[in-house]
Number of protein chains: 2
Amino acid sequence: MLRLSKLTDYATVILSFMAKDETQVYTTMEIAATTGIAMPTVSKILKLLVNAKVLISTRGAKGGYALARVPEKITVANVISALEGPIALTECSISQKGCEQASGCGIRSNWSLINQTIHHALESVTLADMIKPAPVKDTIWNQEVIIPVSSLYR
Amino acid sequence: MLRLSKLTDYATVILSFMAKDETQVYTTMEIAATTGIAMPTVSKILKLLVNAKVLISTRGAKGGYALARVPEKITVANVISALEGPIALTECSISQKGCEQASGCGIRSNWSLINQTIHHALESVTLADMIKPAPVKDTIWNQEVIIPVSSLYR
DNA sequence: TTAAATAGTACTATAATGGTACACAATAAA
DNA sequence: TTTATTGTGTACCATTATAGTACTATTTAA
């Protein structure tokens with residue numbers, strides 16, 4: 001399914017919560033309680049986002065996490081690569097190792113083209129976009145459905 | 001890494017080989033020998049491609065597989081969805097099950113937008129494009145490097 | 001000094017993936 | 001009609017990746 005990992009999905013949920021107040025410092029516990037994601041998991045995700053410079057952490061008492069910049073400048077690509085490493089569909093798109101068949105596989109450079117397109121698509125969507133109210137279009141969705149996050153995954 | 005499965009990658013290799021002669025019927029053994037992919041694995045991939053109507057199979061002696069249509073009409077999206085199911089980054093993009101947080105997750109519809117963009121990117125590249133000679137651009141790549149496919153993956 | 005908070009490391013269980021094996025069905029040619 | 005050839009379907013196993021957990025160290029405000 002060309003899927004993202006659960007953690008990445010969680011990350012978007014966490015970030016969209018944090019974006020409600022761009023400057024506030026949130027503790028792991030707070031975030032876990034609000035999102036319904038287990039605390040150790042939240043912690044793991046937050047650490048990865050700090051490494052990727054999407055969040056800033058403050059240690060010690062009164063510490064916590066806050067967005068490193070305004071939601072408009074945090075892209076989906078940022079989030080995905082924070083959690084899953086470089087965005088690439090195939091190995092040969094990132095590794096500088098060879099990827100040729102004896103009979104000659106001209107595919108590589110075209111994969112990299114596709115990758116660029118996809119990367120661009122992901123760069124063009126920011127956290128600010130993500131938290132915009134959904135464009136009213138479909139019917140079922142816009143009713144206020146209340147389902148805990150944990151049930152998202154089968 | 002937002003990655004495709006190995007099988008999908010293999011599939012593109014197999015298809016690009018088969019596209020060399022659009023009309024020829026290839027046996028599993030032939031394909032396995034040429035690509036260096038183990039026969040049972042090739043067989044599995046070919047069956048999935050038949051189910052997705054990308055290939056046509058002929059049983060019995062002198063049987064084998066052939067492209068179901070010209071390479072120009074086989075898209076990367078076709079191949080990916082044949083091997084991995086519907087193209088979607090998140091669960092909520094495909095399942096009709098709910099995906100809302102109590103606090104309101106406005107993310108979903110924007111994911112579906114991203115999905116559409118990516119899907120479009122994948123639809124726009126065909127097998128014919130994939131087998132085009134690589135646009136001469138980078139240096140290392142265009143030397144005739146000979147590496148067996150099996151080494152592609154760590 | 002203490003309590004509150006993140007950082008880092010290592011571990012475990014579960015699920016997904018890749019790969020294999022084998023019995024069955026179809027067909028062309030002898 | 002028989003036999004060799006080739007795909008079909010199902011089930012299975014091993015390996016790897018993922019998700020989640022636990023524990024200890026470090027930092028800092030009060």
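Throughout, protein chains are lettered first and strands after them, A, B, ... in sequence-line order, and every chain is numbered starting at 1.
Non-hydrogen atoms lying under 4.0 Å from DNA chain C are contributed by A:Ser57, A:Thr58, A:Arg59, A:Gly60, A:Ala61, A:Gly63, all within residues 49-63 of chain A.
By the 4.5 Å heavy-atom criterion applied to side chains, A:Thr28 and A:Val42 are counted as neighbours.
The interatomic distance linking A:Glu84 (CD) with D:dT18 (P) rounds to 8 Å, in whole Å. Atom CE in A:Met29 sits roughly 10 Å away from atom P in C:dA4 (whole-Å rounding). If you take CD1 of A:Ile31 and C1' of C:dA4, they are 15 Å apart, rounded to a whole angstrom. Atom pair A:Leu83:CG and D:dT18:C1' shows a separation of 12 Å (rounding to whole Å applied).
Here B:Met39 sits in one hydrophobic cluster together with B:Met29; the rule is ILVMFWY side chains under 4.5 Å apart, joined directly or through other members. Side-chain contacts under 4.5 Å among hydrophobic residues (ILVMFWY), followed directly or transitively, place B:Val25 with no other residue at all.
Between B:Ser124 and B:Asp129, the shortest heavy-atom distance links the atoms O-OD2, 3.7 Å. Nearest heavy atoms, A:Ala32 versus A:Ile37: CB-O, 3.3 Å.
A search for side chain to side chain contact (heavy atoms under 4.5 Å, CB included) contacts involving A:Ser5 returns A:Leu7, A:Thr8, A:Glu84, not counting sequence neighbours. Residues forming a side-chain hydrogen bond (donor to acceptor under 3.5 Å, both in side chains) with A:Thr41 (at least two apart in sequence, or on another chain): none. In this view, A:Asn51 satisfies the side-chain hydrogen bond (donor to acceptor under 3.5 Å, both in side chains) rule with no residue, not counting sequence neighbours.
Under the ring-ring contact (aromatic ring centres under 6.0 Å, His included) criterion, no residue pair touches residues 35-56 of chain A, with sequence neighbours excluded. The list of ring-ring contact (aromatic ring centres under 6.0 Å, His included) pairs with a residue in residues 18-38 of chain A, not counting sequence neighbours, reads A:Phe17-A:Tyr26.
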task: Under 3.5 Å for both distances, Watson-Crick or G-U wobble, that's the pair rule; now give the dot-bracket for DNA chain C, with | marking pairs to another strand and [ ] for crossing ones.
output: ||||||||||||||||||||||||||||||
Distances under 3.5 Å between protein N/O atoms and the N/O atoms of nucleotides 18-23 of chain C, please, pair by pair.
from	atom 1	to	atom 2	distance (Å)
C:dG18	OP1	B:Lys6	N	2.5
C:dG19	OP1	B:Tyr10	OH	3.4
C:dG19	N7	B:Lys44	NZ	2.6
C:dG19	O6	B:Lys44	NZ	3.3

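Contacts of A:Thr28 with the nucleic acid, taken as non-hydrogen atoms under 4.0 Å apart, involve only primed sugar atoms and P, OP1 or OP2.
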Tell me which donor-acceptor pairs under 3.5 Å the side chains of residues 64-81 of chain B have, and how far apart each pair is, sequence neighbours excluded?
from	atom 1	to	atom 2	distance (Å)
B:Arg69	NE	B:Lys73	O	2.7
B:Arg69	NH1	B:Lys53	O	2.9
B:Arg69	NH2	B:Asn78	OD1	3.0
B:Thr75	OG1	B:Ala77	N	3.4
B:Thr75	OG1	B:Asn78	N	2.9
B:Thr75	OG1	B:Asn78	OD1	3.1
B:Thr75	OG1	B:Asn78	ND2	3.3
B:Asn78	OD1	B:Thr75	N	2.9
B:Ser81	OG	B:Ala77	O	2.9
B:Ser81	OG	B:Asn78	O	3.3

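An OP1 or OP2 oxygen of D:dG7 is reached within less than 4.0 angstrom by no side-chain nitrogen or oxygen of B:Tyr26.
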